[in-house]
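To start, the structure itself, in structure tokens.
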Amino acid sequence: METSHDIFIGNSRSLSEIEDDGVELVVTSPPYPMIEMWDDLFFSLNADIETSLDDGDGRRAFDLMHEELAETWEEVERVLVDGGIACINIGDATRKVDDSFRVYQNHARITEYFDDMGFEPLPDILWRKPANSAAKFMGSGMMPPNAYATLEHEYLLVFRNGKQSREFPSGNDVRYESAYFWEERNEWFSDVWEDVRGTSQELTDADTELRDRSAAYPLEVPYRLINMYSVYGDTVLDPFWGTGTTSLAAMIAARNSVGYELQEKFTEVFDAEVAGVAELAHATVSKRIRDHEEFVERRLEAGKEFKYDAENYDFPVTTKQEKPLQLYTIDGVEQTESGYAVTHSPYNESESIDGDAGGHGQATLGSQFQ
Ligand SMILES: C[S@@+](CC[C@H](N)C(=O)[O-])C[C@H]1O[C@@H](n2cnc3c(N)ncnc32)[C@H](O)[C@@H]1O
């Protein structure tokens with residue numbers, strides 16, 4: 001199997017390289033309106049945003065920032081197939097403007113835009129970041145009533161383009177091959193993710209200062225979403241690509257990807273990570289298999305039985321749907337005119353090396369955020 005990963009440097013308000021209905025999934029995290037680290041970027045897109053903040057008009061600045069994002073959301077609607085899913089990672093912002101402290105609810109505003117465009121909101125996922133410091137309550141004091149809660153979660157908003165789900169012919173092989181394990185389903189489709197950390201990935205020698213400036217999300221976030229909402233052969237779009245974490249996850253999950261990013265410098269981080277992506281894919285897939293084998297062992301020890309056997313692997317599975325499940329690793333990566341082409345081959349169980357897949361001390365998706 002071969003997948004392509006295209007990167008375009010430019011403003012995603014025009015996704016001109018993508019035809020109508022050209023992608024099956026969108027996974028992205030835009031700059032967060034009213035979070036100070038993104039002020040300069042929004043000012044460069046519309047000078048009135050800076051004037052509004054200078055005038056102490058937080059509401060207008062918030063509206064204008066969302067109007068900038070909305071231009072991209074309209075393009076997303078054009079290029080996403082009917083029934084395709086858009087997953088938007090966004091956090092709300094707390095901010096004091098003109099002596100008034102308040103929360104700016106980015107998740108609500110984005111939901112409104114997608115609803116207005118004809119998308120159907122689906123249950124979202126709260127991604128809860130670790131709360132490990134008493135310092136987070138600094139300044140809130142011990143007396144009611146003027147303290148406020150600390151924001152420790154972000155949203156993974158999920159929208160379907162239109163009323164109907166995507167249709168597949170019955171018995172569609174690719175859809176069955178793309179199945180995930182029953183126990184993964186139970187974890188991934190839970191509405192609160194507490195086990196995914198928001199720290200940097202430290203996977204490679206990639207420039208960490210650049211990565212911090214990009215506010216990259218952990219690889220586990222797009223990797224799960226891609227497995228949950230797309231099948232092999234699909235194309236995943238990230239219109240706010242940053243350092244390309246979505247494309248890296250798409251490579252590992254054996255899907256195609258396309259990204260748009262304003263700041264060319266971020267491609268340096270991506271290029272450094274692509275250099276190690278074959279190892280990372282191998283480590284990730286063997287860990288998924290190992291985790292499944294441990295799950296099987298635990299259930300058998302607890303006296304439970306399995307009714308089905310995987311067709312491509314030497315272990316049982318919980319449901320009939322998992323039987324044809326097939327995972328892929330990466331054989332090779334080549335640079336192309338617009339990004340990368342990746343060759344994948346089916347992952348064989350014998351490739352799993354006792355607890356240290358890849359054997360190079362490479363972090364895996366499941367362990368890197370502890
Ligand atoms: C929150 S970051 C995305 C981080 C990314 N998920 C990652 O893991 O690296 C948002 C990115 O969107 C980019 N951006 C903002 N507005 C854009 C636009 N209109 N078109 C293309 N890229 C844009 C910013 O430069 C920034 O890199």
Side-chain angles (χ1 to χ4, degrees), residues 5-18 25-46 49 64-76 79 86-93 106-107 110 113 127 129 154-157 196-204 206-226 236-253 257-274 277 280 365 368-369:
H5 303 271
D6 295 333
I7 301 125
F8 299 108
I9 300 304
N11 195 315
S12 55
R13 69 164 66 125
S14 164
L15 301 174
S16 53
E17 284 81 3
I18 309 179
L25 172 67
V26 174
V27 174
T28 195
S29 182
Y32 296 2
M34 300 306 277
I35 294 279
E36 274 171 42
M37 77 170 281
W38 296 113
D39 278 0
D40 287 342
L41 186 137
F42 280 112
F43 297 166
S44 73
L45 297 172
N46 178 353
I49 296 174
L64 292 175
M65 289 179 188
H66 276 283
E67 278 173 27
E68 288 302 318
L69 299 185
E71 298 201 35
T72 296
W73 303 144
E74 275 167 35
E75 276 289 87
V76 160
V79 301
C87 302
I88 317 291
N89 170 218
I90 189 76
D92 291 340
N106 289 318
H107 81 280
I110 290 176
Y113 267 111
W127 162 30
K129 300 196 166 175
E154 295 201 358
Y155 293 82
L156 297 168
L157 303 174
V196 179
R197 305 292 187 228
T199 53
S200 68
Q201 293 165 339
E202 292 163 13
L203 297 175
T204 62
D207 184 330
T208 45
E209 191 263 325
L210 254 185
R211 172 181 284 293
D212 289 347
R213 268 208 283 136
S214 74
Y217 44 33
L219 188 54
E220 177 95 14
V221 168
Y223 182 72
R224 283 187 187 188
L225 295 170
I226 289 168
V236 186
L237 163 68
D238 187 344
F240 298 103
W241 187 78
T243 56
T245 315
T246 305
S247 290
L248 200 70
M251 286 180 174
I252 297 169
S257 73
V258 51
Y260 280 73
E261 172 54 47
L262 279 175
Q263 305 183 62
E264 186 160 16
K265 204 151 180 46
F266 288 148
T267 57
E268 286 173 25
V269 179
F270 184 64
D271 291 341
E273 285 180 349
V274 167
V277 73
L280 183 56
L365 275 181
Q368 64 190 306
F369 312 116

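Remember, it's a predicted structure, so these values are computed and weren't measured experimentally. Numbering starts at 1 and runs along the sequence shown. First listed ligand is number 1; within each ligand, the first listed atom is number 1.
Using a 4.0 Å cut-off between heavy atoms, T246 makes no contact with ligand 1 at all.
Residue contact check: A216 has heavy atoms under 4.0 Å from atoms 7 (C), 8 (O), 9 (O) of ligand 1. Less than 4.0 angstrom separates some heavy atom of L41 from each of these atoms of ligand 1: 15 (C), 16 (N), 24 (C), 25 (O). For ligand 1, the atoms closer than 4.0 angstrom to any heavy atom of Q263 are 24 (C), 25 (O). Remark: ligand 1 atoms within the under-4.0 Å shell around heavy atoms of N11 are 18 (C), 19 (N), 20 (N). Listed by number with element, the atoms of ligand 1 under 4.0 Å from a non-hydrogen atom of P239 are 21 (C), 22 (N). Ligand 1 places these atoms under 4.0 Å from at least one heavy atom of T245: 7 (C), 8 (O), 9 (O). Atoms of ligand 1 lying under 4.0 Å from any heavy atom of F266, numbered from 1 in the order shown and given with element: 27 (O). For ligand 1, the atoms closer than 4.0 angstrom to any heavy atom of W241 are 5 (C), 7 (C), 9 (O).
The aromatic rings of H66 and Y113 lie parallel to each other, their planes meeting at an angle below 30°, with 60° marking the opposite boundary.
Here W38 and F240 keep their ring centres 6.0 angstrom or further from each other. A ring-centre distance under 6.0 Å is not found for F8 and W241.
Inspection of the E154 and Y32 side chains reveals an N or O donor paired with an N or O acceptor under 3.5 Å. There is no side-chain donor-acceptor pair under 3.5 Å between H5 and S247. No side-chain N or O of D6 forms a donor-acceptor pair with one of Y260 less than 3.5 Å apart.
Each of T246, N89, T245 was checked for a side-chain hydrogen bond (donor to acceptor under 3.5 Å, both in side chains) with Y217, and the lone residue meeting it is T246.
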Open item on the list: Assess the residue pair E68 and R13 against the criterion (salt bridge (charged side-chain N to carboxylate O under 4.0 Å, His left out)); give the C-alpha distance rounded to whole Å, side-chain angles, the decisive distance to 0.1 Å, and a yes or no.
Closed with: CA-CA 8 Å; E68 288 302 318; R13 69 164 66 125; 3.1 Å; yes
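At least one heavy atom of W38 sits closer than 4.0 Å to an atom of ligand 1. Ligand 1 lies nowhere less than 4.0 angstrom from a heavy atom belonging to R13. Using a non-hydrogen distance threshold of 4.0 Å, G10 registers as a contact of ligand 1.
Ranked by closest heavy atom to atom 3 (C) of ligand 1, the top entry among A249, G91, S29 is S29. Closest heavy-atom approach to atom 16 (N) of ligand 1 among the candidates F240, Y217, Y32: F240.
Distance alone, capped at 3.5 Å, places no donor-acceptor pair between the W127 side chain and the L156 backbone. No side-chain donor-acceptor contact under 3.5 Å links N11 to the backbone of L262.
Between L262 and ligand 1, a contact under 3.5 Å exists for at least one N or O pair.
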